[in-house]
Amino acid sequence: MQRATAKPTLVLVGDLSALYDINALVLLRQSSTSIVLLVVNNNGGQIFSLLPTPEAERQNLYCMPQDMDFSHVAAMFRLN
Ligand SMILES: Cc1ncc(C[n+]2csc(CCOP(=O)(O)OP(=O)(O)O)c2C)c(N)n1
């Protein structure tokens, strides 16, 4: 979307989504405008709590909390 619009862009993603597609952060280095990426680090795919998933297995099989610390990710991809 940022490439199509060439506008400054705010990106909001959950922690599992950020982890799942973390290699895509390398693309932010090619951005022509500023991008702010905000990771909601609430430990897991809480969207699956909205679905009729079995409560006993919900944490381990659906939410899958990973206890990630994203504070070094920007440096890893040489982003500000
Ligand atoms: C671009 C993209 N990558 C991966 C997925 C697969 N996916 C669906 S839900 C989900 C996890 C959602 O959890 P989180 O990102 O922590 O957000 P929350 O549910 O807590 O809002 C993932 C990785 C997707 N739908 N789209």
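Note that the numbering runs from 1 along the sequence shown for the chain. These values consider heavy atoms only, across backbone and side chains, with no hydrogens, waters or symmetry-generated copies. In listed order, ligands and their atoms are each counted from 1.
- Applying the 4.0 Å criterion to heavy atoms of Gly14 picks out, from ligand 1, the atoms 14 (P), 15 (O), 16 (O), 17 (O).
- Around the CD1 atom of Ile47, the shell of radius 6.0 Å holds no more than 12 heavy atoms that belong to other residues, nucleotides or ligands.
- Residue Cys63 comes nearest to Leu16 through the heavy atom pair O-CD1, 3.3 Å, listed as atom of the first residue, atom of the second, then distance.
- A donor-acceptor distance shorter than 3.5 angstrom exists from the side chain of Thr53 to the backbone of Phe48, with no hydrogens or angles considered.
- Considering both main-chain and side-chain atoms, Ala18 never comes within under 3.5 Å of ligand 1 through any nitrogen or oxygen pair.
- Among Val40, Asp21, Leu19, Val39, the one residue that satisfies the side-chain contact (heavy atoms from CB on, under 4.5 Å) test with Val13 is Val39.
- Of the protein's non-hydrogen atoms, Leu16 CB, 3.7 Å is the one closest to atom 11 (C) of ligand 1.
- Put simply, atom 6 (C) of ligand 1 has no protein non-hydrogen atoms near it, under 4.0 Å away.
- Looking only at protein heavy atoms, the nearest one to atom 22 (C) of ligand 1 is Ser17 OG, 4.1 Å.
- Shown in contact with Asn42 at under 4.0 Å from a heavy atom are these atoms of ligand 1, numbered in order with element: 20 (O).
- Ligand 1 places these atoms under 4.0 Å from at least one heavy atom of Asp21: 1 (C), 2 (C), 3 (N), 4 (C).
- By the definition of a contact as any protein heavy atom under 4.0 Å away, atom 16 (O) of ligand 1 is in contact.
- Taken together through direct or relayed side-chain contacts under 4.5 Å among Ile, Leu, Val, Met, Phe, Trp and Tyr, Leu27 and Tyr20 form parts of separate hydrophobic clusters.
- The nearest protein atom to atom 13 (O) of ligand 1, hydrogens excluded, is given as Gly45 CA, 3.0 Å; this is a heavy-atom distance.
- Side chains of Lys7 and Thr33 form no contact here, defined as non-hydrogen atoms less than 4.5 Å apart.
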Quiz item: After noting the C-alpha distance and the side-chain angles of Phe70 and Asn41, does the key distance pass the side chain to side chain contact (heavy atoms under 4.5 Å, CB included) rule?
Solution: CA-CA 8 Å; Phe70 289 92; Asn41 194 2; 3.6 Å; yes
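- The atoms of ligand 1 that sit less than 4.0 Å from any heavy atom of Phe48 are 9 (S).
- Residue Ile47 holds the heavy atom nearest to atom 21 (O) of ligand 1 of all those in Asn43, Leu50, Ile47, Asp15.
- Under the 4.5 Å side-chain heavy-atom criterion for grouping Ile, Leu, Val, Met, Phe, Trp and Tyr, Met68 is connected to Leu25 within one hydrophobic cluster.
- Residue Gln46 has at least one heavy-atom neighbour below 4.0 Å for each of these atoms of ligand 1: 18 (P), 19 (O), 20 (O).
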